[in-house]
J.: 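My structure is below; once you've seen it, I'll send some questions.
Note that the coordinates shown come from a computational prediction; the quantities given were computed from them, not determined experimentally.
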Amino acid sequence: MTESNFKRFVEVGRVVLLKTGPYAGKVAIIAEIIDHNRAIIDGPTTSVPRQSYPYKHLTLTPIKLVGIPRGAGTGAIRKVAEKEAVSEKWEKSAWAQKRAAIEKRRSLNDFGRFSVLLAKKQRRDLVRKAVFKAKKA
Amino acid sequence: MARSKELVPGVGRLSRSQVAARRGLYKGLKKSDKPAVETPAETVEKAVGGEKNGGKRLVPTTKAPRYYPAEDVRQPKKSRKSPKPASLRSTITPGTVLILLAGRFRGKRVVFLKQLESGLLLVTGPYKINGVPLRRVNQAYVIATSTKLDLEGAVDEKFNDAYFTKAATKGSRSAEEEFFEDGKPKAKEALPESRTADQKEVDKVVLAAVKKTENLNKYLKSSWGLSKGQFPHQLVF
């Protein structure tokens with residue numbers, strides 16, 4: 001059998017990111033696949049209630065839980081999710097951190113944006129000076 | 001009816017029975033003796049010359065106008081509404097940093113001091129930081145930011161609308177007279193020293209407040225603008 005190019009699959013135990021709805025931006029776990037459009041997701045550790053969700057509004061993440069039986073209840077999923085530390089794993093990922101950074105930047109007020117501009121200027125200056133020094137040496 | 005204020009011409013606020021109740025005629029007619037005002041006589045007897053003119057004649061004291069409109073003209077309804085001064089936006093409080101959007105200083109970040117009676121906002125640069133003097137601006141042309149300075153003490157009462165109005169020049173002057181003198185452009189009138197002193201006095205408090213926060217001085221000095229992909233309704237101020 002040839003290796004597939006796909007790395008992430010819709011499967012029970014797959015951690016997904018919700019793109020729309022009241023829980024947008026949170027991650028949940030696929031508990032059961034309903035059909036080729038929807039799955040039952042559950043996020044006991046991320047306060048996402050058990051519900052059916054269209055794949056259209058989900059993004060698959062590289063994180064996957066093993067050892068969850070098909071159609072497992074909230075309690076069972078919580079146990080595995082806590083053991084595997086899904087929330088921490090997600091929050092530590094570069095993807096989640098970038099999302100948080102974008103969110104943070106967006107919520108800054110005018111003075112905050114100006115302060116970022118100043119800080120970036122200073123960083124640029126330091127880098128430029130260091131590069132100049134390194135080139136000379 | 002005077003009691004039943006008109007909602008639209010011909011329709012009163014109160015119903016017929018409500019008006020009757022308010023007039024209170026069931027209590028009996030009100031009697032009040034007004035002091036008799038002597039009405040000036042409508043006509044005056046004047047002596048007239050000429051034999052066949054009867055010697056005298058009754059002449060009205062006030063002459064009737066010679067002109068009258070041939071057709072009845074309907075009187076337009078008088079509006080009794082008067083504009084109220086604008087209420088201050090809740091996000092604007094003394095010490096709030098505002099972004100000016102119109103006028104000579106558009107894009108500048110300034111400090112709000114107080115609202116004047118006319119509803120205009122009194123702002124200052126401060127002048128030393130960004131060159132914006134004490135100035136009145138309309139709050140419609142202003143973005144209020146969430147950055148606030150902690151100003152100590154209220155602004156002097158003398159800074160009111162009258163402070164900013166120019167004295168009216170009497171009589172008509174030609175444009176030539178206004179701008180030229182002996183064929184040369186007129187020299188600019190110097191700003192009275194009292195103005196610069198006032199500016200300094202007001203800015204002293206503001207500058208002291210600016211010093212308390214790092215980078216705030218630079219912030220006020222820089223001007224605001226939108227870059228590519230930025231939309232004011234999506235930004236947080």
J.: Please check if the number of heavy atoms outside B/Glu157 that lie under 6.0 Å from its CD is greater than 12.
T.: no
J.: Does the cation-pi check pass for A/Arg113 over B/Tyr219, that is, NZ or CZ under 6.0 Å from the six-membered ring centre and within 45° of its axis?
T.: no
J.: Tell me, do A/Asn109 and B/Thr147 make a side-chain contact under 4.5 Å, heavy atoms counted?
T.: yes
J.: Determine whether B/Trp224 and A/Asp110 make a side-chain contact, defined as any pair of heavy atoms from C-beta on separated by less than 4.5 Å.
T.: yes
J.: For B/Lys212, look at atom NZ and say whether over 12 heavy atoms of other residues, nucleotides or ligands are found less than 6.0 Å away.
T.: yes
J.: Counting only heavy atoms not in A/Phe6, do more than 12 fall under 6.0 Å of its CZ?
T.: no
J.: Where does B/Leu216 contact chain A at under 4.5 Å (heavy atoms): side chain, backbone, both or neither?
T.: both
J.: Closest approach of A/Phe111 and B/Glu214, non-hydrogen atoms and distance?
T.: CZ-O, 3.5 Å
J.: Within the distance-only criterion (no hydrogens, no angle test), does the side chain of A/Arg106 pair as donor or acceptor with the backbone N or O of B/Val236 below 3.5 angstrom?
T.: no
J.: Which answer fits A/Leu108, side chain, backbone, both or neither, if we ask what part of it has an atom under 4.5 Å from a heavy atom of chain B?
T.: backbone
J.: Can you confirm whether more than 12 heavy atoms, excluding those of B/Lys128, are under 6.0 Å from its NZ atom?
T.: no
J.: If you count every heavy atom of other residues, nucleotides or ligands that lies below 6.0 Å from B/Arg22 atom CZ, does the total exceed 12?
T.: no
J.: Please say whether more than 12 non-hydrogen atoms of neighbouring residues, nucleotides or ligands are located less than 6.0 Å from CZ in B/Phe159.
T.: yes
